[in-house]
Amino acid sequence: MKVFFKINGLDQSVEIQDGNTPLLWIIRDMLNLKGTKFGCGKAACGACTIHVDGEAVRSCSYSIKSIDGKEVTTIEGLGTEENPHPVQQAWIEHVVPQCGYCQPGFMMATAALLKKIPNPTDEDINDNIVNVCRCATYYRMRKAIHRAAEINSIPSNLKVQK
Amino acid sequence: MKEKMGSKRKRMKRRKFLKYSGVGIGLMLGATWLGRNPLRRAVFDLGETMLPPYVGNTSPLVWLQVSQKNEIILHSSKVEMGQGTFTSLAQLAAEELEIGFDKIKVVHAASISGNVDGFSTGGSTSIATLWNPMREMAATMREMLKAKAAEKLGIDIADLSVTKDCKISSGTKEISFGEIVEGVADWYIPETPVLKDASKFQYIGKPLARVDLNDKVFGAPIFGMDASYPDMLYASVLRSQLVDAKMSNFDFSEAENMPGVVKIVSENGFVGVVAKSQIEAEAARQKIKFDYKVNKDWSLADVEKAITVGNGTKTVFQKVGKAIDEKDKKSELVRMEFRSPIGAHAQIEPSGAVANYKDGKVEIKISTQVVNITRKEVAKALGISKEDVNIIPTFLGGGFGRRLHTPNAIEAAIMSRAVGKPVKSFFSRKQEFQNDTFRPPSHHVMQARLSDKGEILALEHSIAGGDTAFNSALVPFSIVKPIIRADIGSIRGGAINYDGIPNHRGTYYHVDLPFATSFWRSLGLLSNAFAIESFMDELAIKTKQDPIQMRLNYIKDENPYHARLKKVISTCAEKAGYTDEVVNGRAMGFAATIDAGTPCAQVVEVSIVDNEIKVHKVTAVMDCGLAVNPDQVKAQVEGCICMGISAAMFEKMDLRDNMLHPTIYGPYEMALMRDSPKEIDVHLIQGVDVPMPVGEPPLGPIGAAIGNAVRRLTGRRLVEMPLSLG
Ligand code: FES
Ligand code: FES
């Protein structure tokens, strides 16, 4: 089957035999976007978190056929060094990553959370950010999530781009 | 100083530099000359400090290179797994090169470059052992560049200085590093210059941002699992799901016919499926039929029975004064037992490797903590020379000791040879949980003798545990067993630091387990400290003493490490405002440890919510000597605390019908965001003026500190990890 979708703003089509193939492998091995990580393949760690139509999903457990006509964003499309997403900017300010492997998943989950709840409480964060970080950078992540919400709340015309 | 400078020129030696194939302009600073000198000096310096010795490579090392962009590339023999070593090395190098910190790019040294660490990246020793060698190499390179610049510019070297943007300038004339090295084949290597005084440090001791920050925030493909080659195939290796069992009678007929399968490789004692995609390789692997031959039935109860003080090979590893005589009735005997579970590494990037075998040579991109061992093992398995194996280390998606064993490199290499194409082979998550090299479970017996005045007359710690350092590639059992007998990993943190207690000892019982156990961040420290520091707390309660003061009373000042431990203990109690009282439903718990020469104390604030333990705040004080990057040292303390909470309160592997489980995150419970303290207050003390280990020592106190807080809150003494009110 052929699946048409948008990824990081660009039109993409994929010819695939098995429509149930997890999106993660299409993104990583066919489209060569390696920022989305494999951690478990069973929707249990969140390393593979991406956005489909703005919602956070775990791409290891999301079939390629179900994104037909949808818009996918990966960490590569979240922001750039020149124009970082507020979440990325906050992550940089708080020097969150250690090994870094889980971080794209956390940043994607956070970006989606902030769309739903622009100013999350600690409880909101506990309930919604349920990925696994083995380096256990949770303390800085929490601070960075609050900081990202703060950056977000600055009207964009006043925002100083890094 | 003046005299030194004057005599220096005369002693300059003429040396030919190694050419670095391929990249950049060819100025490389070889370190053979250092290998004999400062590297080894560092080893001896560190011999005094309870650190495992650094095994420096004596083959030519290559560290620094001028790039075409007129920057410095630092080829690190230590790998970056989150601990921040790359950043600190860049700080050390920039300091002595006197260039901008942003002008240093740190990369993993491929083994073919010659810069191979002889031992491992582990034990929290990277910066402690490279503190002098790295700075000396940078200082030497600076002087070499200046000397050559003086020659090329025709200006006296005394009138030249280095600029932040990698030039050498007299104020009126300047020449870039790139221009300096252009066309130079031979270099004068001066004697090692005098290193900068600490008061002049510009980068060392500053909280600079990690050098890998942008790569990690914008999703750059830097990990082993991101590595690839054109035309690469994917593999999945069959691994036993049962412990103490052998697989045999393989039937590949169904697997072979699965879509995408290229070849089933059965060689060197393993079976692997090579296919066109990861998914296809795994699907086909699951269709291989075989029989298990179970040697002996095992359950967790059997393991716990085996891991019991009194079983196994006994070694006394600490012995001061007399042993406790259990029959003696003259003074009170206090005895408690503690247990810790089987722990999984659960690092998020699974183990694996990408190998490209061609014409008798193989290149392997891999997350490894043991570049040299990986290279040697692959060479041996393939029957080729070490020089024909190039290990290209990638960033590690977590290390924690998991990547001190890399048989996956051999498997990938053999499969690549078998199919004549590059092969990527990774563990599935289930395999990662079932075929981990686990943290061995442990059993501890603590005993003390108390006088009728409540003085501690004797204190003893007995540990039973499985392999930690033993049977690892780093410490082959056959060589080490007769010499040291006690597993140096299992006893880490197990000695009694309360040397004011007249009689104290440590005894270790080594037990063989039916599954692989090995290094897990901080090794025995977490569980040993849990036993010792919980027991000390209990003794304080029993003898109605302040737990802080009691500890201080029993530590003598003579040993400098113990003096630093005392300072850390009192500072931590003070910073946290430690009290025995329960305030607003919250209690504090205290514990302190010294690991690899770095003392650390922690106070936790805990409450009970719905019969569950909740950690609100942790105050940590650590003396890791000179913190090259205080922000990243703090990050390590925070990480150790949260990882320690996870290990001490949530994690455990079970064994039923010879099968280890759970095999997935979630059922393998771990501390997540909601379980991590909202406040972590870290204070660093600089008790010595050199860097000391950082990445593991803060894991010591956390388990005991939580248990001690729960004791004060509920009256219950928790003696088993994971801690639970049940
Ligand atoms: S890889 Fe998708 S949740 Fe773990
Ligand atoms: S930063 Fe290493 S797993 Fe999260």
Side-chain angles (χ1 to χ4, degrees), chain A residues 17-18 21-22 25 28-30 32-42 44-47 74-76 78-81 84 87-89 91-92 95-107 122-123 125-142 145, chain B residues 80-84 209-210 212-223 225-226 228 234 259 277-279 345-350 395-400 426 428-429 631-632 635-636 638-646 664-667 670-680:
Chain A
Q17 237 168 22
D18 183 355
T21 303
W25 300 112
R28 282 184 60 82
D29 292 341
M30 282 179 80
N32 201 27
L33 295 168
K34 305 285 196 203
T36 307
K37 300 302 182 204
F38 170 85
C40 68
K42 294 265 194 293
C45 72
T74 67
I75 187 73
E76 290 89 346
L78 190 67
T80 59
E81 286 190 34
V87 171
Q88 290 168 312
Q89 194 180 324
W91 246 244
I92 289 170
V95 198
V96 175
Q98 288 190 21
C99 86
Y101 195 81
C102 72
Q103 301 289 342
F106 272 94
M107 287 183 278
D122 279 330
E123 259 337 285
I125 293 171
N126 291 348
D127 293 345
N128 288 282
I129 304 300
V130 291
N131 292 9
V132 184
C133 172
R134 189 40 153 172
C135 300
T137 61
Y138 301 107
Y139 172 67
R140 288 188 184 203
M141 280 182 188
R142 182 187 299 280
I145 295 168
Chain B
E80 178 58 63
M81 47 193 175
Q83 81 280 36
R210 294 180 67 105
D212 50 8
L213 189 55
N214 275 357
D215 279 349
K216 290 179 176 178
V217 168
F218 296 99
I222 56 174
F223 299 99
M225 221 201 182
D226 304 335
S228 64
Y234 299 79
S277 75
Q278 184 82 43
I279 301 258
H345 285 94
Q347 84 293 345
I348 319 279
E349 182 197 20
F395 281 86
L396 281 63
F400 317 115
F426 272 75
S428 70
R429 180 51 55 186
D631 177 65
Q632 282 308 298
Q636 285 300 297
E638 294 155 12
C640 277
I641 285 170
C642 294
M643 186 175 178
I645 288 173
S646 188
I664 186 77
Y665 298 108
M670 293 165 76
L672 300 182
M673 182 72 81
R674 73 171 81 86
D675 311 297
S676 302
K678 277 183 207 142
E679 273 183 89
I680 300 180

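As the structure is a prediction and not an experimental result, all values here were calculated from the model. Throughout, protein chains are lettered first and strands after them, A, B, ... in sequence-line order, and every chain is numbered starting at 1.
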Interface moiety of B:F223 toward chain A, non-hydrogen atoms closer than 4.5 Å: side chain
Any side-chain heavy-atom pair of B:Q278 and A:F38 under 4.5 Å: no
Sub-4.5 Å side-chain heavy-atom contact between A:R140 and B:E638: yes
Charged N-O contact under 4.0 Å between A:D127 and B:R674: no
Heavy-atom side-chain proximity of B:I641 to A:Y138 below 4.5 angstrom: no
Taking every non-hydrogen atom, the tightest pair across A:P97 and B:R210: O-CD, 3.4 Å
Approximate separation, where rounding is to 0.5 Å, of B:M673 CE and A:T137 OG1: 7.5 Å
Max heavy-atom pair count under 4.5 Å with chain A, selected residue of B:I664, B:V217, B:I279: B:V217
Any A:R28 side-chain heavy atom under 4.5 Å of B:D226 side chain: yes
A:R134 side chain reached by B:H345 side chain, heavy atoms, under 4.5 Å: no
For chain B, the option from A:M107, A:M30, A:E76, A:E123 that forms the most heavy-atom pairs under 4.5 Å: A:M107
Heavy-atom proximity to chain B below 4.5 Å, by part of A:Q88: both
Interface moiety of B:M81 toward chain A, non-hydrogen atoms closer than 4.5 Å: backbone
Structural part of B:P677 lying under 4.5 Å from a heavy atom of chain A: backbone
Residue pair A:I92 / B:N214, side-chain heavy-atom distance below 4.5 Å: yes
Shortest non-hydrogen contact between B:C642 and A:A136, atoms and distance: CB-CB, 3.4 Å
Side chain to side chain, B:Y234 and A:D29, heavy atoms closer than 4.5 Å: yes
Residue B:D631 versus chain A: region with a heavy atom under 4.5 Å: both
Validation row: A:K37, B:I348 side chains within 4.5 angstrom (heavy atoms): no
Per-residue contact mode, B:Q83 against chain A (heavy atom under 4.5 angstrom): neither
Contact class of B:F400 relative to chain A, heavy atoms under 4.5 angstrom: side chain
Distance, nearest 0.5 Å, that separates OG of B:S228 from NZ of A:K34: 5.0 Å
Which portion of B:A220 sits near chain A, non-hydrogen atoms under 4.5 angstrom: backbone
Heavy-atom pair count under 4.5 Å with chain B, highest-scoring of A:T80, A:D18, A:L33: A:T80
Distance in Å, B:Y665 OH paired with A:N131 CG, rounded so as to fall on 0.5 Å steps: 11.5 Å
Gap between atom SG of A:C99 and atom CD of B:Q347 - 0.5 Å precision: 9.0 Å
Residue among A:C133, A:A44, A:G41 with most heavy-atom pairs under 4.5 Å to chain B: A:A44
Partner chain A: residue of B:E679, B:K678, B:Q632, B:E80 with the largest heavy-atom pair count (under 4.5 Å): B:K678
Per-residue contact mode, B:L396 against chain A (heavy atom under 4.5 angstrom): backbone
Check: A:Q98 side chain, B:A635 main-chain N or O, donor-acceptor pair, under 3.5 Å: yes
Inter-residue atom distance A:I75.CD1 - B:K216.NZ, 0.5 Å rounding: 14.0 Å
A:T36 portion near chain B, given a 4.5 angstrom heavy-atom threshold: neither
